[in-house]
Amino acid sequence: MDKVLIYQVLTRLFGNRNLSRVENGTIAENGCGKMADFTPKVLKNIASMGMTHVWYTGIIRHATQTDYTAYGIPRQHPAIVKGKAGSPYAITDYYDVDPDLAVNVEGRMSEFEQLVERTHAAGLKVIIDFVPNHVARQYHSICKPDGVEDLGAGDNQQHGFDPQNNFYYCPGERFAPYFDLYQGEEEPYIEEPAKATGNDHFDCAPSKTDWYETVKLNYGVDYYAGCIGYFDPIPDTWYKMTEVLLFWASKGVDAFRCDMAEMVPAEFWRFATKSVREDYPDIKFIGEVYNPYDYRRYLLNGFDWLYDKVGMYDTMRSVICHHAPTSAISNAWKQTDDIRDHMLYFLENHDEQRIGSDFFAADGKKGVPAMIASVLMQQNPYMLYAGEEYGERGMDREGFSGHDGRTTIFDYWSLDTLCRAVSNQLTLEEKQLFDIHKKTFQIARKEKAVSEGLFFDLMYVNGHLERQYAFLRKAGNDLLLVVCNFEDHDVDIDVCLPAHAFDYLQLKEAPAMATDLLTKEKQSFMLRKDTMLRMEINAHSGRVWKLKLVNDK
């Protein structure tokens, strides 16, 4: 079994080398990355890091302020587009590729198909977003296959809710948000009757903090009457959205990252995942689900992996920032131990603040011990966000995104570290940060003790370690001792191996030679029950000791 390691890229940013970086800049001013930027060489480099999947964020056409009417693409009203580039999560056509990402706009679907081919040729699998809960306010498909009816085309707009409608409506009311959208536009945006807003706002007047640029899709749940579900007969939206999944699966997509999956009824996911797997049995579904009480329900209804955000991510962030002891990590994994193989660990993504930002840890290397632990402690997948491996700070003021410690998803921009990485202008510290990421990922891919082995948490007998986290992994004769140091200085510590670990992992008491897989440094240990192993660990780093018994042949 392979350890799954996902590399998330915001496609429009990844390959952009334009250094203008004008706040609120247009595509002409700031440029835009393309699918073609993912050359065989680039993809080979991603694979050589140890990655197994690439999540191409923002592939499907979404609302933008850039005018593509010359290509027959409808213009979106700027009042309901967040940022010049627009959010990748305000979809305008489920069957189209975002024109920003194409060298030849008219050949954009062909360019995506070629991207899939190149990715597969590099030994990597393709993930794209499936955004099921909401669409852009001016959604209209110009690329839907023959025989496919557009979303909302058959709706009865006089009904606020109808199980066979695709949208929710506010009959007799015009869209009238509680803030000025127009900012000098000659023609106002008119929507009547108003549709419900994507973040479950069911009146005509969303606020600026709502997802006002989107409208909620109707899966047969009557929110007006207390969330009563009407699933028999099957709602029209279920069929239409399943067809979207089948369309992209036919293009060679290997997995879908399903945006805000918990805002869509679990019953739909059972229907859709089963339908797609009838034709594509190996396809995977990743759910953005934040409520731990829903985890098992969504796994039972077809998901392979779920975000571990409010558990492991939040815990690791607290430990990194000195707000919690490392024993909290043990408490976090125990909450999902029965479904551990299905939890997707991460430290950054497009929604979260960069580790290196002043809003988080102000230094990317402070995330290294959390990365080592997250990647090596279980068999479940791990996700890396492009730039994280170099310590990207996310401190730009890009435009709509603002100065918030996140890498923008709304603006045309380029990332400092990614630009300097390709021109070999990284600092020594950035190169070292990349090196330890790459080595950790390669260990995860190469060592059976990580991809297949048992896990033994050592923290319950190492209460003196408040800023270090220690555990064992074992498969066959392969034994790893991993110790991560979250402290801001080098440490010289003792780690206890309890008798129970010897019994559970069937370890022998004997002298052992250990090699740190990160540094190749060697050290001898005496493996005995309830004895201490002494070691030195650098600040914000870790040891990955591979132990071999001296008397083993």
Side-chain angles (χ1 to χ4, degrees), residues 3-16 33-35 37-38 42-43 45-60 62 85 87-89 98 101 112 115-116 119 122 124-131 248 253-261 284-290 304-309 312-313 316 343-357 360 364 367 370-371 374-375 380-394 401 405-410 413-415 417-418 421 433-434 437-438 440-441 444:
K3 175 81 171 183
V4 171
L5 297 171
I6 298 169
Y7 192 57
Q8 183 194 2
V9 297
L10 193 62
T11 315
R12 81 158 78 105
L13 298 184
F14 183 85
N16 188 18
K34 308 294 181 183
M35 293 178 285
D37 295 326
F38 293 89
V42 167
L43 291 165
N45 289 339
I46 293 172
S48 71
M49 286 172 59
M51 297 293 119
T52 59
H53 295 63
V54 181
W55 167 14
Y56 294 106
T57 306
I59 289 292
I60 299 178
H62 57 265
S87 168
Y89 297 98
D98 189 69
L101 307 179
F112 173 73
L115 174 64
V116 172
T119 306
L124 296 160
K125 295 183 183 296
V126 172
I127 303 172
I128 67 167
D129 292 282
F130 175 57
V131 187
W248 291 101
V253 169
D254 301 289
F256 294 99
R257 179 269 185 188
C258 301
D259 184 69
M260 297 308 297
K284 302 295 184 185
F285 289 86
I286 306 166
E288 185 186 19
V289 177
Y290 292 116
D304 298 279
W305 306 310
L306 302 176
Y307 271 39
D308 198 332
K309 196 276 180 190
M312 191 55 71
Y313 169 85
M316 287 295 189
M343 303 312 296
L344 174 63
Y345 289 170
F346 59 89
L347 294 172
E348 290 186 0
N349 62 41
H350 66 280
D351 286 318
E352 308 300 339
Q353 291 169 328
R354 293 285 190 173
I355 298 167
S357 78
F360 191 157
M371 180 274 297
S374 297
V375 173
N380 56 312
Y382 179 83
M383 181 171 70
L384 180 80
Y385 189 29
E388 177 183 346
E389 67 272 37
Y390 304 116
E392 177 66 37
R393 297 202 66 221
S401 184
R406 296 175 178 86
T407 291
T408 180
I409 65 169
F410 305 107
W413 205 253
S414 63
L415 293 191
T417 53
L418 295 183
L433 188 59
F434 173 78
H437 276 82
K438 182 175 181 177
T440 303
F441 301 145

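Because the structure is predicted, anything quoted here is derived from the model rather than measured.
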Is the shortest heavy-atom distance from the side chain of Lys125 to the side chain of Val4 under 4.5 Å?
-> no

Practice prompt. Test Leu101 against Tyr56 for side chain to side chain contact (heavy atoms under 4.5 Å, CB included), laying out the working first.
Written response: CA-CA 11 Å; Leu101 307 179; Tyr56 294 106; over 6 Å; no

- Message: Under a 3.5 Å threshold, yes or no: a donor from one side chain and an acceptor from the other, between Tyr385 and Thr407?
- Response: no

Counting distance only, does the side-chain N/O of Lys3 pair as donor-acceptor with the main-chain N or O of Val375 below 3.5 Å?
yes

Smallest heavy-atom separation, Leu10 atom then Pro88 atom, equals CD1-CG, 4.3 Å

Rounding to 0.5 Å, atoms CZ (Phe38) and CG (Leu115) come to a distance of 7.0 Å

For residues 4-13, the side chain to side chain donor-acceptor pair (under 3.5 Å) pairs (sequence neighbours left out) are Tyr7-Glu389, Gln8-Thr57, Gln8-His350, Arg12-His62

OH of Tyr89 to CZ of Phe410, rounded to nearest 0.5 Å, is 10.0 Å

In terms of heavy-atom contacts, Phe441 and Met49 come closest through CB-O, 3.1 Å

Between Leu415 and Glu392, the two heavy atoms sitting closest are CB-OE1, 4.0 Å

In this structure, CG of Asp129 is separated from CD1 of Ile286 (nearest 0.5 Å) by 9.5 Å

- Message: Can you classify the ring geometry of Phe346 versus Tyr313 as parallel (below 30°), tilted (30 to 60°) or perpendicular (above 60°)?
- Response: parallel

Q) Are Ile46 and Val54 side-chain neighbours, meaning at least one heavy-atom pair lies under 4.5 Å? A) yes

Answer whether the closest heavy-atom distance between the side chains of Phe434 and Thr417 falls below 4.5 Å. no

Those residues at least two apart in sequence (or on a different chain) that pass side-chain hydrogen bond (donor to acceptor under 3.5 Å, both in side chains) with Glu352 are none

Using a 4.5 Å cut-off on heavy atoms from C-beta on, say whether the side chain of Asp259 contacts that of Arg257. yes

Here the gap from Leu306 atom CG to Met343 atom CE, rounded to the nearest 0.5 Å, amounts to 5.5 Å

Checklist line | Student check: side-chain heavy atoms of Trp413 and Asn16 closer than 4.5 Å | finding: no

| query | Under a 4.5 Å cut-off applied to non-hydrogen side-chain atoms, are Asn380 and Tyr345 in contact? | reply | yes

In short, Ser374 meets Leu347 closest at the heavy-atom pair OG-CD2, 4.5 Å

Trp55 and Ile6 have their tightest heavy-atom pair at CB-CG2, 4.0 Å

Output for pair (Arg393 CZ, Arg354 CZ), nearest 0.5 Å, gives 12.0 Å

For His53 and Ile127 the tightest heavy-atom approach is CB-CD1, 3.7 Å

message: Does Lys34, at its NZ atom, have more than 12 non-hydrogen atoms belonging to other residues, nucleotides or ligands within less than 6.0 Å?
response: yes

*asked:* For a 4.5 angstrom cut-off between non-hydrogen side-chain atoms, does Ser357 reach Arg406?
replied: no

Taken to the nearest 0.5 Å, the spacing of Leu384 CG from Met371 CE works out to 8.5 Å

